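So the structure is just underneath, and the comments pick up after that.
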Amino acid sequence: MAMLMKDKTVLVTGTASGIGRETALVCAREGAVRIACLDVSRDANEATSEELRGMGVEVLALEVDVGDVDQIRSAFGRVAESWGRLDASCHIGGYSWRGETLDVTVEQWDQVLNVNLRGTFFCCQEALRIMYPQGSGSIVNTSADAAHFPIYGFALQAAGKGGLVNMTRTLALEAAPRGVRVNAVSPGIVRTQKAGAVRPAEPMPRRENAPPADAVTRLAEMTAIGRYMTMSEVADTYVFLCSDRSKGINGDLLFVNGGGYPGLDY
C-alpha cells in the first residue's frame, strides 16, 4: 500500500515537542517531501527540523507565536512563496491552563484563547488562501476532551476548544465545494514532553470540592482502555485525516482517548 503522505507538502504547528513534533515525523515517514514546522520555541523547533532533514525532507523551520496573526500570515506567506502549494495543514500548537474560574486572569484568558481559538482560526484562513486556488487540501484542528467532558479546573480550556469544534464544522461546510476538507482531533490524556497543562504560579486554593493532586493520572486510568494515549496513536490520526485515504471525512471530530471515560464520576 502506498504511503499516506507520498509527495505531500505539509504545515504543522507546535512542532518543537509533543504531538506536533510526532505528527511532523509521522508525515515524513509516510512520504511527505516538504514540511513547514511552526513553533514559538526556536531551538527545539530547529532540532525537530534537523531530524526531518535527516529523513530527506525539505523543511521550513519558522519561529511563530500562533497567538500573533501577523506572524501567522508571514509564515503561511513563506510557504506559498517557497513551495506554491499546501496539501495539509495541522494546527496542533496551543496552551492548556488548569485552574479554577475565580483564579483566571484576563491575561490568562487572552493567552489561551488567542492561541487556541483565534490563532487556529487565522491559521485556517491562511491555509484556505493557498488551498482554494489549487482546489484541494486538508486542514486538521485540535480540540481537547475538556471541551466535551466536564473536567474540574478546565473551564478556560473548554471555552476555547469547544468554540474550535463548531468553527471547524462551519469551515468544513464553506470549504467543501472548493475541494478542501476541515476536521478536528480531540486527544485524550497523553504523556508529552510538556507533562500536562500550564499551571498558575501559585498553587490553586483548596476549595471544598477540589480534586485530588493525582487527578490527571486517575483520569487516565478511568479511560475505557485504562491508560494514557501515546503520542504516536494521536499523530497517526492527524496524518490519516491529512491523507487522501480519509477524503470522505469532512466536518468531523475524532476522539483519540481510548474510548472515553466510563469510570469518571462527574
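Quick caveat, the model's predicted, so the values are computed rather than measured. Sequential numbering from 1 along the given sequence is applied to the chain's residues.
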Hydrophobic cluster membership, [X] vs [Y], 4.5 Å side-chain cutoff:
X      : Y      : answer
Val140 : Leu173 : no
Val33  : Leu38  : no
Tyr132 : Trp83  : yes
Val112 : Val40  : no
Leu117 : Tyr95  : yes

With a 4.0 Å cut-off, would you call [X] and [Y] a salt bridge?
X      : Y      : value
Glu46  : Arg53  : yes
Glu126 : Arg129 : yes
Lys8   : Glu30  : no

Heavy-atom side-chain contact between [X] and [Y] under 4.5 Å:
X      : Y      : value
Phe149 : Phe255 : yes
Leu52  : Leu25  : yes
Leu113 : Leu156 : yes
Arg118 : Phe121 : no
Asp252 : Asn183 : yes
Glu107 : Asp110 : no
Val10  : Asp87  : no

Problem - Identified side chain to side chain donor-acceptor pair (under 3.5 Å) partner of Thr9 from the options Glu58, Arg85, Arg34 - result: Arg34

Practice task
Among Thr23, Asp39, Asn45, find the one that has a side chain to side chain donor-acceptor pair (under 3.5 Å) with Thr15.
Solution key: Asn45

Handout entry: Single hit among Val115, Thr120, Asn114 for side-chain contact (heavy atoms from CB on, under 4.5 Å) with Val66
Key = Val115

Handout entry: Nearest atoms (heavy-atom pairs only) where Cys124 meets Met167
Key = SG-CE, 4.5 Å

Problem - Closest approach of Leu11 to Leu86 (non-hydrogen atoms, all atoms of both residues) - result: N-CD1, 3.7 Å

Practice task
Go through the steps to decide whether Thr223 and Tyr228 satisfy the test side chain to side chain donor-acceptor pair (under 3.5 Å), and finish with yes or no.
Solution key: CA-CA 8 Å; Thr223 62; Tyr228 285 83; over 6 Å; no

Problem - side chain to side chain donor-acceptor pair (under 3.5 Å) between Asp145 and Asn257, intermediate numbers included - result: CA-CA 8 Å; Asp145 279 359; Asn257 61 14; 3.3 Å; yes

Problem - Enclosure of Arg29 CZ (heavy-atom neighbours >12, cutoff 6.0 Å) - result: yes

